[in-house]
Amino acid sequence: MIRIINILIIFLFSSVNVLAGERAYTCEVLHVYSLADDGSLVTSGFEKQMKGSGFSVSRITGEIIGEVIPTEMAKKTGIVNKGSERNSFKAWADFGNQLQLIEVKEFRKGTVKPFVSSSMGGAGIVTGICK
């Protein structure tokens, strides 16, 4: 009986992980940049508070839930490209007076995928990794 329960637990946890990867990315912020007056990118003052923060991106709706770049206040979210072996996953959020974009390099080999997000107001340019 214990063996059957252990097998069921292993099956349930492995199924959840597969579904999470197919339906959402889990991401970690590594860097935050802002645009300097000379047109270059510089480390943002927000980097210290945002570095290491996490969020999840729905691969179905483009919605983002978490501490950084959330879309809960967005009027609308959408997917530009679902991502594939050749293309990045790309999503957008419309806040009315600003836009936010995120790109996850889905085509990269392995389970860790780099991302970049641009917020037209607020966080600036955020980069890191997703799984």
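- Note that the CZ atom of R23 and the OG1 atom of T61 stand 12.0 Å from one another [nearest 0.5 Å].
- A donor-acceptor pair under 3.5 Å links the side-chain atoms of S84 to the main chain of N87, judged by distance alone.
- A93 and T77 make their closest contact through CB-CG2, 4.0 Å (heavy atoms, listed as atom of the first residue, atom of the second, distance).
- When the shell of 6.0 Å around CZ of F46 is examined, it contains 12 or fewer heavy atoms from other residues, nucleotides or ligands.
- Under the 4.5 Å side-chain criterion, counting only non-hydrogen atoms from C-beta, K82 is not in contact with R59.
- Residues I125 and I102 do not share a hydrophobic cluster, clusters being chains of Ile/Leu/Val/Met/Phe/Trp/Tyr side chains in contact below 4.5 Å.
- Put simply, the side chain of S44 never gets that close to the backbone of S34: no donor and acceptor are under 3.5 Å apart.
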Apply salt bridge (Lys or Arg N to Asp or Glu O under 4.0 Å) to R108 and E106, showing your working. CA-CA 6 Å; R108 298 289 174 137; E106 173 62 31; over 6 Å; no

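- The line from NZ of K113 to NZ of K109 is 8.0 Å long, rounded to the nearest 0.5 Å.
- Between V116 and V126 there is no side-chain heavy-atom pair separated by less than 4.5 Å.
- By the 4.5 Å heavy-atom criterion applied to side chains, I129 and L30 are counted as neighbours.
- Open room surrounds CG on D37; 12 or fewer heavy atoms of other groups in view lie less than 6.0 Å from it.
- Aromatic ring centres of F115 and F55 lie closer together than 6.0 Å.
- For CG of L35, the number of neighbouring non-hydrogen atoms (other residues, nucleotides, ligands) closer than 6.0 Å is greater than 12.
- Taking NZ of K51 as the reference point, atom OG1 of T43 lies at 9.0 Å (rounded to 0.5 Å).
- Nearest heavy-atom pair, I79 versus S58, reported as atom, atom and distance to 0.1 Å: CD1-O, 4.1 Å.
- Between D94 and G96, the closest heavy-atom pair is OD1-N, 2.7 Å.
- No continuous path of hydrophobic side-chain contacts links Y33 to I69 [ILVMFWY only; heavy atoms under 4.5 Å].
- Between atom OG1 of residue T26 and atom NZ of residue K131 there is a gap of 9.0 Å, rounded to the nearest 0.5 Å.
- To the nearest 0.5 Å, the span separating OG on S53 from CD on E28 amounts to 8.5 Å.
- Here the side chains of V57 and C27 are in contact, with some heavy-atom distance below 4.5 Å.
- Atom CD1 of residue I60 and atom CD of residue E22 lie 9.5 Å apart, to the nearest 0.5 angstrom.
- Here the side chains of W92 and Q100 are not in contact, with every heavy-atom distance at 4.5 Å or above.
- Residues S88 and F107 form a side-chain contact, since some pair of their non-hydrogen atoms from C-beta on lies under 4.5 Å apart.
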